[in-house]
Amino acid sequence: MAGPGRPLGEILREWRRSRGMSQLNLSIEAGVSARHLSFVETGRSRPSPDLILRLAEQLDIPLVERNTMLLAAGYAPAYPSHQLTDPELAPLRAAIRQILDGHSPYPALLVDQHWQLVEANPAVALFTANAKPHLLTPPVNVLRLSLHPDGMAPRILNLPEWRAHLLARLRQQTATTSDPVLSDLLEELRGYPTGDDTGAPTSDELSRVVIPLRYRHGDRELTFISTTTLFGTPLDVTVSGLAVEAFFPADPVTAAALHALGTPAADVT
């Protein structure tokens with residue numbers, strides 16, 4: 001949303017409207033007069049860095065866009081953006097590795113804000129084993145890998161249901177961040193085949209409270225539930241976009257099969 005050279009007021013106004021907030025409501029939430037907020041949006045007043053960040057906090061604007069707003073007002077960025085390999089993020093890398101390793105023999109992976117694979121435990125090989133090489137060439141996008149006909153899609157027994165779930169998540173993320181990369185990815189994934197609902201709905205109580213992933217592995221049907229873990233109170237642009245996607249067995253049969261399979265060498269890391 002925040003293109004280069006755009007004035008702060010214009011950027012702020014678009015974010016406010018995208019969140020469905022009036023100037024009055026935002027001014028009350030941020031503790032500033034509606035008159036002053038109006039002057040900021042029209043460019044008649046230059047807000048302090050503190051006010052910019054307060055407004056951004058109330059609008060739940062991504063950290064990278066908060067930096068852009070500060071730059072547009074002539075201030076330095078407030079949030080650093082490290083590479084995951086930088087020494088400053090060594091404790092985070094250790095925590096991520098502990099989460100991924102500790103989740104074995106169940107699949108778990110780390111993705112960035114664009115759903116690109118950053119790291120995975122060996123059990124993720126269960127999902128990548130039959131994917132075509134062009135989907136496993138870095139950078140690997142896990143949503144593309146999941147829904148592409150050359151990826152996991154042919155082995156997802158409830159593909160229409162799972163596809164709708166993933167697209168809904170991506171649609172919500174795109175609306176929240178206004179990220180053009182995510183918008184393009186959403187349009188691409190919408191064009192993939194929807195799949196035939198060949199897997200009959202189960203009567204399992206689980207299917208009434210969460211959407212499971214029903215996956216064919218050889219002659220077995222494995223059923224998973226997934227969780228997403230974000231990092232609390234991130235103050236770094238890179239960290240704010242990271243998420244751990246973990247898969248848990250949804251029934252004893254799947255749990256036993258995963259323990260029997262062990263942790264084969266992963267195709268991607």
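Computed from a predicted structure; not experimentally measured.
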Report yes or no: do Ile28 and Leu12 belong to one cluster of Ile/Leu/Val/Met/Phe/Trp/Tyr joined by side chain heavy-atom distances under 4.5 Å?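 No.
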Same cluster or not: are Leu235 and Leu71 linked, directly or through other Ile, Leu, Val, Met, Phe, Trp or Tyr residues, by side-chain heavy atoms under 4.5 angstrom apart?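 No; tracing contacts between hydrophobic side chains, which count when under 4.5 Å, never links both residues.
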Residue pairs, two or more places apart or on separate chains, that pass ring pair (Phe, Tyr, Trp, His ring centres under 6.0 Å) and touch [range]:
{"range": "residues 126-175", "result": "Phe127-Tyr215, Phe127-Phe224, Phe127-Phe247, His134-His148, His148-Tyr192, Trp162-His165"}
{"range": "residues 43-75", "result": "none"}
{"range": "residues 35-70", "result": "none"}

Are there more than 12 heavy atoms of other residues, nucleotides or ligands under 6.0 Å from atom CD of Gln98?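 No, because the 6.0 Å sphere around CD of Gln98 holds 12 heavy atoms or fewer from other groups.
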Tell me if the CZ atom of Arg97 is crowded by more than 12 foreign heavy atoms within 6.0 Å.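 Enclosed: over 12 neighbouring heavy atoms sit under 6.0 Å from CZ of Arg97.
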Please identify each residue that fulfils side-chain contact (heavy atoms from CB on, under 4.5 Å) with Thr85, with sequence neighbours left out.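 With neighbours one apart ignored, the set is Gln83.
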Can you sort out the partners of Ser27 under side-chain contact (heavy atoms from CB on, under 4.5 Å), two or more places apart, ordered by chain and number?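 For Ser27 the side-chain contact (heavy atoms from CB on, under 4.5 Å) partners, ignoring immediate neighbours, are Leu24, Val32, Ala34, Leu37.
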CZ/Arg16 to CD/Glu41 distance, rounded to the nearest 0.5 angstrom?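 Arg16 CZ to Glu41 CD: 4.0 Å, rounded to 0.5 Å.
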With distance as the sole test, does [X] use its side chain to make a donor-acceptor pair with the main-chain N or O of [Y] at under 3.5 Å?
{"X": "Asp112", "Y": "Trp115", "answer": "yes"}
{"X": "Asp150", "Y": "Ala131", "answer": "no"}
{"X": "Asp236", "Y": "His82", "answer": "yes"}

Partners of Glu187 by side chain to side chain donor-acceptor pair (under 3.5 Å), sequence neighbours excluded?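 With neighbours one apart ignored, the set is Arg190.
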Arg66/Glu57 salt bridge by N-O under 4.0 Å criterion: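 Judged by the 4.0 Å cut-off on N to carboxylate O distance, Glu57 and Arg66 do form a salt bridge.
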Taking atom types as modelled and ignoring hydrogens, do the side chains of Ser38 and Arg44 form a donor-acceptor contact shorter than 3.5 angstrom?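 Looking only at side-chain atoms, Arg44 and Ser38 do not form any donor-acceptor pair under 3.5 Å.
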